[in-house]
Structures are given as structure tokens and as C-alpha cells.
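Each remark here refers to the structure printed beneath this line.
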Amino acid sequence: MKGLLKLTIDLKDYGVTPHFETAAKAQPELVLARVTAQHREQYRVVTTQGERTVQVAGKFSHTVEDVTSFPAVGDWVLITPTSTADEQSVIQVVLPRQSVLARAAASNGQTGQLIAANLDTIFICMSLNADFNVRRIERYLTMAWDSGAMPVIVLTKADLCDNLPDKLAALAEVSMGVDVITCSSATEAGFAELRTYIGRGKTIAFVGSSGVGKSTLINHLLGKTLLATKTIRADDDKGRHVTTARQLLVLPAGGVVIDTPGMRELQLYTGDLSKTFEDITALAQQCKFRNCSHQSEPGCAVQAAIAAGTLDVKRFKSYQKLQAEMAYSGMNARQRENEKINRLFGSKAAMKAATRAFKNK
């Protein structure tokens, strides 16, 4: 019959896992798909029958609790089936996420904005020129640790850096437990290390400020110049913003990569300070008082470390700033945990159902 869709796509090339295949089987009347791009209210998805543009179902739009429940690039969704390429399909379900990267919306800071979903590795990119900023890395790590994916720091434009040992030493204090890769597009240094995190079934994302070289790295992994790039500005040594929308791309060597627009300002929606600031967390446990604010209380291990020079006061102030930012809505620990569950699964009931599904596999 003319117009019938053919089975041409292996979703394993797009990172499907038994977790999502099992979840999809619970609703066999719908079709499993992955979101590869978003343009306002339109989504581009891929199924075993190929790529198509879809929207969310009206019922879905009216039942979600907040904007973070809407699909994001990287989400696995269930859509209505079609028999022809021209037939309209809609997203009925967003499957429970295994990881989710989110920030506070730039407009008000109170609403979450999804960056990408179902990631295995997050490459946090920062250039080694004048844009190098240790405090910014702390901010990105706090967001990344909370996502459920593994962060890796990627330092770009090493060929433009004349004091690499000093910058690596400054970064060592904040990168505890995180791999650091130094790259140069001019010499291809570090590219082989990047590939060790990539393979069939894996999803990676590049995040970072505008113009740090994310698109250049992705082009190298793709083996062709698919994403636009620009050189750094001569007047301030900063890169120029190129990527304007998130998109998911299949890599020829296996795996998929999500390119994200550069973030001129990163406000935290939720985060994991205990991972990013393990040293301060450990010191706080040694304080004389459990509710120590680390200001002027007697027996404060944090202030003692600052006085002894074993804790950088700038790092502590960064910790305090991020801690205050994350408490924007007055949430307590339980409320923050509930919020994280809602973002990952939609509800506690959905989380329990997903847990039971894994145990019964």
C-alpha cells in the first residue's frame, strides 16, 4: 500500500535499553520513540519506522503538573501509531527518566527548565583561555551530580593556554572524583580520551558556556562538519554563541550525543552539593554543633580549616552561595527529594512501579 512506513531504524543505535523496552510493552497500543529535537511545541522523534514531527496530546498538556513534565530532548516517549508518513501522531506518555539535567528558567529562577534526559555522561566544557572560571565549574558540577548521570570535565582550547599546570592545580580542588580531559582541536589532544566514554547504547551531552568549543568537539566525533562553529573574538578572548537548539545526533562509532546551546547564565533548579563539596561536607560533620552555620560558632571545623589555610575561603563562599540559591523556595530536604522523584519518575507511585518492574525482570 502506497505510503506505508517501513521498518528501517534499530533503536539500539539511539540508546534504547531494556528498561524502556519493558516500559513500552506495558502499553502495546502505543509506539516507542525517542525525542531528538524540540522546536517550541513541536518535537522531532525517531521510531523503528523513521523520524517524524509530533506534538504532545491535549490530554497530556492538561494533566501535567509543571513544565518539567513535558518531553525533553533525550526522553523516551510513547506516541500514537500511524500507517502513513503523512498521518499526524501525538505524544501520549513520557517514560520514567533514568537521569535528567535541569536548570532554573532564566526568566524567573523559580521554574525548572529541562536541558536533556536519559544521559549516561555529561561533558562539562570550559575553555582554557580567559574564560576559565573554577567557580563556574562548581556550579555545573552541582547540577550534573544531581542529574543522575556521570560528569566529566572537558577543558578545551589547550593550545591557547600558556599556564596549563596552574589552571589544572586550581581545578584539582573542585574536581574531586571527576575525570578531567584536556583537549585541543588544533592538535586533537584529548580526543582519544573522549571516545572512551562513548559507545553504542550510551548517551552523552555537552554543556558549557557559549563558545567554549562544544560544536567543534561534536563535529570531530561525527567525522564531519555538521554543526556550525566560529572562532573566538579577538577583543575579549571569548567564543561566540552558535548552537541555538538542543538536538540528538547518532555517532558513527556508536552512541548518541546531545548538543546544547551555550549557557550565558546557569541558575540552579536543584543540585547535589554533597558531591561537589565533599570536603566541606566532611568538615561540617566535625563541627561541635549539628546546626552549625559555619560563621562564628565555637568548635566550627569549617572556620578552623579556613584559618589553617586548608580550605579556600572563596570555595566556602561559593558553597554558601549555591546553598542559598537552591533554597529559593524554602524547600526542606524531604521536599527537595520529592521534587527530584517527581522530575525523574513523575510521582512516587511511578517510581515504585519502576522499581517493581526492575525487580521482576
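These numbers come from the heavy atoms of this one structure, side chains and all, not from hydrogens, waters or symmetry mates.
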Do any side-chain atoms of residues 166-179 form donor-acceptor pairs under 3.5 angstrom with protein atoms, and if so which ones, sequence neighbours left out?
residue : atom : partner : partner atom : Å
Lys167  : NZ   : Leu128  : O            : 2.7
Lys167  : NZ   : Asn129  : O            : 3.1
Ser175  : OG   : Leu171  : O            : 3.0
Asp179  : OD2  : Tyr197  : OH           : 2.5

Exam field: side chain Thr63 to backbone Phe60, donor-acceptor pair closer than 3.5 Å:
yes
I want to check something: taking the side chain as every heavy atom from C-beta on, are Leu78 and Leu32 in contact at a cut-off of under 4.5 Å?
yes
Within a strict 4.5 Å, meaning less than it, do heavy atoms of the Cys183 and Leu194 side chains meet?
yes
Before accepting this row, confirm whether a basic side-chain N of the pair Asp10/Arg200 lies closer than 4.0 Å to the acidic partner's carboxylate O.
yes
Does Glu297 reach the main-chain N or O of Gln295 with its side chain, forming a donor-acceptor pair under 3.5 Å?
yes
Look up atom CG in Leu322 and atom OG1 in Thr142, then write down how far apart they are to the nearest 0.5 Å.
5.0 Å
Please name the pair of heavy atoms, one in Pro151 and one in Ala149, separated by the smallest distance, quoted to 0.1 Å.
CD-O, 3.5 Å
Ignoring hydrogens, what is the shortest heavy-atom contact between Ile258 and Gly74? Give both atom names and the distance.
CD1-CA, 4.0 Å
Between Lys214 and Thr260, is any pair of side-chain heavy atoms under 4.5 Å apart?
yes
Which value, rounded to the nearest 0.5 Å, describes the distance between Ser61 atom OG and Ile91 atom CD1?
9.5 Å
CD1 (Ile122) and CD1 (Ile124) are apart, to the nearest 0.5 Å, by 6.5 Å
Residues Phe206 and Cys125: closest non-hydrogen pair is CD2-SG, 3.5 Å
Do Gln247 and Arg44 have side chains that get closer than 4.5 Å, going by heavy atoms?
no
Parallel, tilted or perpendicular: which describes the rings of Tyr319 and Phe277, with under 30° parallel and over 60° perpendicular?
perpendicular
Are the charged groups of Arg97 and Asp75 less than 4.0 angstrom apart, N to O?
yes
At what distance, to the nearest 0.5 angstrom, does CZ of Phe191 lie from OG of Ser184?
7.0 Å
In short, Thr203 meets Arg34 closest at the heavy-atom pair OG1-NH1, 2.9 Å
Check the angle between the aromatic planes of Phe316 and His294 and answer parallel, tilted or perpendicular using the 30° and 60° thresholds.
perpendicular
Report yes if some heavy atom in the side chain of Tyr14 is under 4.5 Å from a heavy atom in the side chain of Ile9; otherwise report no.
yes
If you compare all heavy atoms of Arg195 against all heavy atoms of His220, which two are closest, and at what distance to 0.1 Å?
NH2-NE2, 2.8 Å
Non-hydrogen atoms of Ile204 and Leu251 that approach each other most closely:
CD1-CD1, 4.5 Å
Trace of the side-chain hydrogen bond (donor to acceptor under 3.5 Å, both in side chains) decision for Thr156 with Ser127
CA-CA 4 Å; Thr156 64; Ser127 60; 4.8 Å; no
Any carboxylate oxygen within less than 4.0 angstrom of a Lys/Arg side-chain nitrogen, looking at Glu21 and Lys12?
yes
Kindly check if the number of other-residue, nucleotide or ligand heavy atoms within 6.0 Å of CD (Gln88) is above 12?
yes
Taking it one step at a time, do Leu30 and Ile79 satisfy side-chain contact (heavy atoms from CB on, under 4.5 Å)?
CA-CA 6 Å; Leu30 299 175; Ile79 65 175; over 6 Å; no
Is a donor from one side chain sitting under 3.5 angstrom from an acceptor on the other, for Gln285 and Thr281?
no
Would a 4.5 Å heavy-atom cut-off, applied to side chains only, mark Thr82 and Arg52 as touching?
yes
So, applying side chain to side chain contact (heavy atoms under 4.5 Å, CB included) with Pro71, which one of Val35, Val45, Leu114 is it?
Val35
Mind checking whether Val16 and Trp76 have side chains closer than 4.5 Å, heavy atoms only?
yes
Could you tell me the separation between the OG1 atom of Thr121 and the CD1 atom of Ile198, rounded to the nearest 0.5 Å?
8.5 Å
Determine, step by step, whether Tyr140 and Trp145 satisfy the side-chain contact (heavy atoms from CB on, under 4.5 Å) criterion, reporting the C-alpha distance in whole Å, the side-chain angles of both residues, the deciding distance to 0.1 Å, and the verdict.
CA-CA 9 Å; Tyr140 274 99; Trp145 279 124; over 6 Å; no
Using the rule that Ile, Leu, Val, Met, Phe, Trp and Tyr join whenever any side-chain heavy atoms are under 4.5 Å apart, tell me whether Val46 and Val250 fall into a single cluster.
yes
Single-linkage hydrophobic cluster Leu249~Leu221, side-chain heavy atoms < 4.5 angstrom
yes
Side chains of Val54 and Gln42 in contact at under 4.5 Å (non-hydrogen atoms)
no
Does one hydrophobic cluster hold both Phe123 and Met150, with members joined at side-chain heavy-atom distances below 4.5 Å?
yes
Nearest-0.5 Å distance that lies between atom CD1 in Ile153 and atom CG in Leu141
4.5 Å
Using the rule given for side-chain hydrogen bond (donor to acceptor under 3.5 Å, both in side chains), can you reason through Glu138 versus Thr276, listing the C-alpha separation, both sets of side-chain angles and the distance that settles it, and then say yes or no?
CA-CA 7 Å; Glu138 289 175 334; Thr276 308; over 6 Å; no
Taking it one step at a time, do Arg246 and Ile115 satisfy side-chain contact (heavy atoms from CB on, under 4.5 Å)?
CA-CA 8 Å; Arg246 300 172 187 88; Ile115 299 171; 3.8 Å; yes
Is there a path of hydrophobic side-chain contacts, each under 4.5 Å between heavy atoms of I, L, V, M, F, W or Y residues, that connects Val134 with Leu155?
yes
Kindly determine whether Arg315 and Arg135 satisfy side-chain contact (heavy atoms from CB on, under 4.5 Å), including the steps that lead there.
CA-CA 8 Å; Arg315 177 164 169 79; Arg135 302 283 81 88; 3.9 Å; yes
